[in-house]
Amino acid sequence: MRAQMLSAALRTAARPSVFARSARTAPIFVRNASGHAQETFESFSERYVSFFQGAEDLFEVQRGLNNCFAHDLVPSPSVVEAAVRAARRVNDYATAVRVFEGIKEKVENKAQYEAYLTELKPLREELGLVLKEELYTS
């Protein structure tokens with residue numbers, strides 16, 4: 001009985017100091033800005049060109065395309081060229097054609113899409129790519 005009274009007295013004596021200590025050292029929640037610097041368009045292009053040049057299978061190519069098109073910008077023609085070459089290297093014609101469909105969705109107007117098509121026409125002829133618009137002219 002005496003031991004119980006002693007432990008109860010010690011517990012109640014310890015409580016106020018715990019609460020007083022926690023009140024003095026209240027946690028401070030600060031949300032720091034991310035430590036990532038803004039990536040320039042040139043470094044973005046270099047990063048994805050090198051990624052697509054090293055892609056070894058279809059999963060990597062499609063993952064890279066997914067990540068590339070998720071950004072709020074239109075990839076440069078050099079990135080598109082590297083992506084199309086990677087798709088053809090892994091022997092996936094459909095993904096190569098879909099790269100151009102993705103570009104069509106990302107650009108602001110038809111003139112920009114036409115500029116991409118004219119710039120990448122030698123690549124399309126070299127790889128034998130026929131676009132969706134050329135296949136289905138309705």
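None of the values given here were measured: they were computed from a predicted structure.
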How would you list, by chain and number, every residue that makes a side chain to side chain donor-acceptor pair (under 3.5 Å) with E134, sequence neighbours excluded?
-> R124
Inter- and intrachain pairs under salt bridge (charged side-chain N to carboxylate O under 4.0 Å, His left out), touching residues 39-56, at least two apart = E39-R47
Euclidean distance, N66 CG relative to R63 CZ, rounded to 0.5 Å = 10.0 Å
Test ring-ring contact (aromatic ring centres under 6.0 Å, His included) applied to Y48 - qualifying residues, sequence neighbours left out = F44
Hey, any chance L129 and L135 share a hydrophobic cluster, counting ILVMFWY side chains that come within less than 4.5 Å of each other, even indirectly?
-> yes
List the steps and the verdict of side-chain contact (heavy atoms from CB on, under 4.5 Å) for Y93 and L127.
-> CA-CA 9 Å; Y93 184 85; L127 298 177; over 6 Å; no
Exam field: side chain S43 to backbone T40, donor-acceptor pair closer than 3.5 Å = yes
Side chain to side chain donor-acceptor pair (under 3.5 Å) pairs touching residues 73-88, sequence neighbours excluded, are S45-S76, S76-S78, E81-R85, R85-E126
Tell me, which pairs form a side chain to side chain donor-acceptor pair (under 3.5 Å) where one or both residues lie in residues 101-116, sequence neighbours left out?
-> K104-E133, Y113-E133
Measure the spacing between CG of L131 and NZ of K121 and express it to the nearest 0.5 Å.
-> 10.0 Å
Applying ring-ring contact (aromatic ring centres under 6.0 Å, His included) to F41 and not counting sequence neighbours gives none
Verdict with supporting geometry, T95 and V90, side-chain contact (heavy atoms from CB on, under 4.5 Å) = CA-CA 10 Å; T95 299; V90 299; over 6 Å; no
Are V80 and V130 co-members of a hydrophobic cluster defined by side-chain heavy atoms under 4.5 Å apart?
-> yes
Is the shortest heavy-atom distance from the side chain of V84 to the side chain of L120 under 4.5 Å?
-> no
Rounded to the nearest 0.5 angstrom, the CG-CG distance for L123 and L117 is 11.5 Å
What distance separates D92 CG from D57 CG, expressed to the nearest 0.5 Å?
-> 11.0 Å
